[in-house]
J.: 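Got a structure for you, questions after.
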Amino acid sequence: METITQYVDREDILTDEPMWKHTTFRTGGNADLFVRVTNEEQLGRLLCFLRGTGEEFFVLGNGSNLLVGDKGYSGVILQLGSGFDRITVDGNYVTAGAGSRMSAVARKAAECGLTGLEFAAGIPGTIGGGVMMNAGAYNGEMKDVVALVTVLGRNGEKRILDRTAMEFGYRSSVLRRSGETVTEVILELTPGDRDEIYARMEDFAERRRSRQPLEYPSAGSTFKRPEGYFAGKLIEDAGLRGYRIGGACVSEKHCGFIVNDQGATSAQIRALIEHVQDVVWKHSGVMLEPEVLFVGEF
């Protein structure tokens, strides 16, 4: 910690920080160090420093696609702070810091009469995480609207990637392989009618409320959609609706969600994910791939 204070104010460094406070599953042990980062320059210096020391680190957005082990994280969690949540609009282009919530960026676009991002209004993550995993819903994906992405490498080096260089795929991008960190995203949208944009956003929101277990902690859809199938249908057909391990449960409302409805541990959630994979594989021959990232010790 004493060395990290060269780069970060002491009040932005927390020790033994409970990670359940920072994930939508509301589980997880403590991080050795939890560091709030306020700007790109600071982040670049920290990445270079940590790489040089060999210290394990993880860059955190909203924790909406993350399962942190009950034994915590033996390393440094870097959280993108207030300097990364600015959103500006210039014509058809929306520029958003990586820590901006997807929902906030979608609302800003709507306010400015720009269409194309309505699908993101109900996604709980940050724009940085959304770009990294090519988040999507209701026939829209980030790859459809991304123009440029600014990233920092693990040594702090800066690059600007266009849509082609991002190599977007289903719930993937080049960043899943390169380990680079998004700092800013420029989206190219289309002028539209505000009332129609808000109506689409409300329609998507109502679909989520009626079909998804939003009342319980979860990471959203637990599994990627297998080609030619729907994960929720495969799980239901395998007889797993409502199946639970401890406080972790396959949602009765939508089998594609694993929820924490009775004080689950991370180990119970992970065990349920693996059990679902095993049963579905035996039942249908399809191996489900989690969207959830596993971090730390279980």
Side-chain angles (χ1 to χ4, degrees), residues 37 39-52 54-67 75-80 84-87 93-102 105-106 116-117 119-120 123-137 139-189 219-227 231 287-295:
V37 186
N39 58 65
E40 184 180 86
E41 181 181 0
Q42 187 183 60
L43 177 60
R45 289 177 177 176
L46 278 169
L47 291 174
C48 186
F49 167 73
L50 292 170
R51 180 72 175 218
E55 186 77 52
E56 289 291 326
F57 66 89
F58 183 85
V59 181
L60 178 72
N62 192 42
S64 60
N65 213 35
L66 193 65
L67 185 65
V76 181
I77 297 289
L78 301 175
Q79 183 187 49
L80 301 184
F84 290 93
D85 63 3
R86 289 188 292 271
I87 306 168
Y93 293 90
V94 177
T95 300
S100 305
R101 300 288 181 92
M102 297 271 282
V105 182
L117 200 61
F119 72 88
I123 297 176
T126 61
I127 200 80
V131 166
M132 182 188 73
M133 67 172 290
N134 187 25
N139 298 315
E141 293 180 296
M142 292 306 298
K143 70 178 180 62
D144 302 327
V145 294
V146 165
L148 296 173
V149 181
T150 302
V151 300
L152 296 181
R154 293 183 75 85
N155 289 318
E157 67 277 17
K158 182 175 179 176
R159 290 204 299 158
I160 298 178
L161 308 178
D162 64 15
R163 187 176 304 171
T164 301
M166 284 293 295
E167 298 179 21
F168 286 118
Y170 176 67
R171 299 298 177 265
S172 70
S173 73
V174 70
L175 304 183
R176 297 294 291 265
R177 302 185 294 276
S178 71
E180 293 167 297
T181 300
V182 179
T183 61
E184 185 178 85
V185 180
I186 299 178
L187 308 174
E188 184 177 5
L189 303 176
S221 297
T222 306
F223 300 98
K224 296 180 181 179
R225 186 181 68 244
E227 187 172 354
M287 177 53 69
L288 296 177
E289 183 181 353
E291 285 194 19
V292 178
L293 301 176
F294 303 116
V295 172

J.: Within the 4.5 Å heavy-atom criterion, are F168 and V131 side-chain neighbours or not?
T.: yes
J.: Heavy atoms only: give me the nearest V182-A98 pair and the separation to one decimal.
T.: O-CB, 3.1 Å
J.: Could you check V185 against T95 for side chain to side chain contact (heavy atoms under 4.5 Å, CB included), going step by step and ending with a plain yes or no?
T.: CA-CA 6 Å; V185 180; T95 300; over 6 Å; no
J.: With sequence neighbours excluded, tell me which residues meet side chain to side chain contact (heavy atoms under 4.5 Å, CB included) with K224.
T.: Y170, R171, E289, E291
J.: Quick one: list whatever passes side chain to side chain contact (heavy atoms under 4.5 Å, CB included) with E55, sequence neighbours left out.
T.: L50, T53, V76
J.: Check L43, T126, L60, N39 against L80 for a side-chain contact (heavy atoms from CB on, under 4.5 Å) and give me the one that passes.
T.: L43
J.: Any side-chain heavy-atom pair from E180 and R154 closer than 4.5 angstrom?
T.: no
J.: Apply the test salt bridge (charged side-chain N to carboxylate O under 4.0 Å, His left out) to residues R86 and E184: give CA-CA distance (whole Å), side-chain angles for both, the deciding distance (0.1 Å), then the verdict.
T.: CA-CA 9 Å; R86 289 188 292 271; E184 185 178 85; over 6 Å; no
J.: Is R45 atom CZ crowded by more than 12 heavy atoms from other residues, nucleotides or ligands, each under 6.0 Å away?
T.: no
J.: Sequence neighbours excluded, which residues qualify as side-chain hydrogen bond (donor to acceptor under 3.5 Å, both in side chains) partners of S172?
T.: none
J.: Is any side-chain heavy atom of F119 closer than 4.5 Å to a side-chain heavy atom of M142?
T.: yes
J.: Just checking E56: does its CD atom have more than 12 heavy atoms from other residues, nucleotides or ligands closer to it than 6.0 angstrom?
T.: no
J.: Less than 4.0 angstrom from a charged side-chain N to a carboxylate O is my criterion; do K158 and E40 meet it?
T.: yes
J.: Can you tell me how far CE of M102 sits from CD1 of I127, rounded to the nearest 0.5 angstrom?
T.: 5.0 Å
J.: So, for F58 and L66, which heavy atoms are closest and what is the spacing to 0.1 Å?
T.: CZ-CD1, 3.6 Å
